[in-house]
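Quick caveat, the model's predicted, so the values are computed rather than measured. Labels below follow one simple rule: chain letters A, B, ... track the order of the sequence lines, proteins then strands, and each chain is numbered from 1. Just so it is clear, the values below take in all heavy atoms, side chains as well, and ignore hydrogens, waters and symmetry mates.
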There are 2 protein chains.
Amino acid sequence: MRVSTRFSDAIHLLAYLKIYADTKLTSDAIAASIETSPVVVRRIMSQLRRAQLITTIPGTAQPQLAKPLDQISLLNVFYAVEGDKPLFAVDPKTNPQCIVGGNIQSVLSQYYQDAQTAAEARLAKTSLQDIVDSLLVEQAKQDAHQ
Amino acid sequence: MRVSTRFSDAIHLLAYLKIYADTKLTSDAIAASIETSPVVVRRIMSQLRRAQLITTIPGTAQPQLAKPLDQISLLNVFYAVEGDKPLFAVDPKTNPQCIVGGNIQSVLSQYYQDAQTAAEARLAKTSLQDIVDSLLVEQAKQDAHQ
DNA sequence: ACCTCCTGTAACTATTATGATTACTGTGAT
DNA sequence: ATCACAGTAATCATAATAGTTACAGGAGGT
């Protein structure tokens with residue numbers, strides 16, 4: 001499949017809301033930054049709104065962060081847009097008559113869950129404020145090298 | 001896209017080689033357990049062979065594990081079949097003129113790498129022997145409940 | 001009231017990663 | 001020589017994703 005960039009785009013969007021808070025925050029403007037379509041932006045915003053990470057007002061270009069960025073972790077964003085989608089996929093269709101095929105799903109699910117939890121714990125440790133800070137540092141580096 | 005189950009299928013295959021070592025290990029027989037086609041099985045075996053996890057002899061149905069199962073971690077298998085494919089995808093096409101769009105890739109790559117490393121560390125802690133042991137325990141449970 | 005800009009969503013299309021299939025070459029054992 | 005099988009390239013089918021089109025409706029200015 002095409003690899004999903006929705007998680008990355010959602011982080012991008014939220015950082016944009018903060019850094020460009022003083023500009024017109026239309027889905028068009030945000031889409032220009034992500035280089036996607038306004039509809040895709042509104043779709044992502046819809047998921048972020050349902051997860052209560054932002055608030056919006058229909059008809060007006062005033063999306064707002066629902067809480068301070070240091071209180072939103074990458075894991076919050078991940079859950080908002082990807083739900084509980086597993087990082088590692090179990091093959092659901094195997095031969096139940098076989099010792100391996102009949103038990104592999106439940107066994108792998110456990111170990112996969114452990115690995116995913118480890119990754120999620122790391123995501124939980126990073127806040128969007130960290131991302132914004134890093135973005136500004138990177139930008140300053142670029143400016144200095146010109 | 002269709003979600004990739006190659007990692008799971010590769011683990012399945014290796015566990016099958018161990019548990020059914022006394023049977024005819026044709027790609028057909030293994031395919032019946034995974035419920036896929038023999039060609040897919042041979043493709044996965046090809047990757048496992050290149051990663052030196054198994055040895056095979058062309059023309060004969062004698063795939064062999066290249067080392068004891070407790071010396072093969074899930075991470076070894078993951079690398080064998082998925083390479084260094086990232087778990088989280090960065091959106092490569094964003095507006096470089098924007099503070100966010102121009103720096104988000106390098107920033108996210110760092111944090112994503114941290115999360116992936118955490119997951120991989122967990123995969124490295126589990127060996128295929130652990131998987132086989134778990135499979136046999138699960139099977140024993142099923143047998144007991146009949 | 002009307003117009004304009006915008007959001008929110010549904011429906012559809014295009015793209016592409018994946019597994020499945022087909023077809024073939026070549027090896028090893030009997 | 002024949003048979004069973006591995007190995008692999010090429011092609012097809014499926015499905016997850018982003019992108020697009022279309023339209024209903026809100027907010028605010030005139």
### Summary
Atom CD of B:Q64 and atom C1' of D:dC5 are separated, to the nearest Å, by 16 Å

### Rounded interatomic separation in angstrom, taking CD1 from A:I44 and C1' from C:dG8
14 Å

### Task
For B:A61 and for A:K85, locate the closest nucleotide of DNA chain D by heavy-atom distance; then report the residue assigned to the nucleotide nearer the 5' terminus.
B:A61

### Query
OP1 or OP2 of C:dC5 less than 4.0 angstrom from a side-chain nitrogen or oxygen of A:K24, does that happen here?
no

### Message
Rounded to whole Å, please give me the gap between CD in B:Q47 and C1' in C:dG19.
### Response
13 Å

### Distance (rounded to the nearest 0.5 Å) between B:L74 CG and B:S8 OG
10.0 Å

### Query
Using a cut-off of less than 4.0 Å, is there contact between a side-chain N or O of A:T36 and OP1 or OP2 of D:dA18?
no

### Query
Can you tell me if A:Y20 and A:S33 form a side-chain donor-acceptor pair at under 3.5 Å?
no

### Query
When only distance counts, do a donor and an acceptor, one from the side chain of A:R49 and one from the base of C:dG8, lie under 3.5 Å apart?
no

### Query
Roughly how many Å is it from CG in A:D91 to P in D:dT14, rounded to a whole number?
18 Å

### Task
Compare side-chain N and O positions of B:R42 against OP1 and OP2 of D:dA6 and report whether any pair is under 4.0 Å apart.
yes

### Query
If we only count heavy atoms from C-beta on, is the B:L17 to B:I30 side-chain gap below 4.5 Å?
yes

### Query
Given D:dT8, D:dT21, C:dG8, which nucleotide is nearest the side-chain atoms of A:V39?
D:dT21

#### Entry: DNA chain C: 5'-proximal contact among B:I57 and B:E82 (nearest heavy atom)
B:E82

## Note on the structure
Rounded to the nearest 0.5 Å, the CG atom of B:L123 sits from the OH atom of B:Y79 at a distance of 9.0 Å

### Query
What's the closest nucleotide to the A:R43 side chain, out of D:dA6, C:dT18, D:dT20?
D:dT20

### Task
Nearest 0.5 Å please: distance from the CG atom of B:D9 over to the CZ atom of B:R43.
11.5 Å

### Task
Report the nucleotide, chosen from D:dA18, D:dT8, C:dA20, that has the shortest atom-to-atom distance to any side-chain atom of B:S37.
C:dA20

### Candidates D:dA18, C:dA29, C:dT7 - which lies nearest the side chain of A:S4
D:dA18

### Task
Could you state the atom-to-atom distance from CG of A:L48 to C1' of C:dG8 in whole Å?
14 Å

#### Entry: Rounded distance in Å - CD1 (A:I30) to P (D:dA18)
17 Å

### Query
Between A:T5 and D:dA18, does any side-chain N or O lie under 4.0 Å from OP1 or OP2?
yes

### Query
Which nucleotide sits closest to the side chain of B:T60: D:dA6, D:dA10, C:dA29?
C:dA29

### Message
Measuring from the side chain of A:T56 (C-beta onward, heavy atoms only), which nucleotide among C:dG8, D:dT20, D:dG7 has the closest atom?
### Response
C:dG8

### Query
Once you round it to whole Å, what is the distance between C1' of C:dA20 and CG of B:D28?
14 Å

### Query
On DNA chain D, nearest-nucleotide positions of B:L25 versus B:K93: which is more 5'?
B:L25

### Task
Kindly indicate whether the side chain of B:K141, heavy atoms from C-beta on, has any atom under 4.5 Å from the side chain of B:V137.
yes

## Note on the structure
Testing D:dT8, D:dA18, C:dT27 for proximity to the side chain of B:P58, the answer is C:dT27

#### Entry: B:I34 CD1 - C:dG19 P separation (whole Å)
11 Å

### Query
For C:dC6, does either OP1 or OP2 sit under 4.0 Å from a side-chain N or O belonging to A:S27?
no

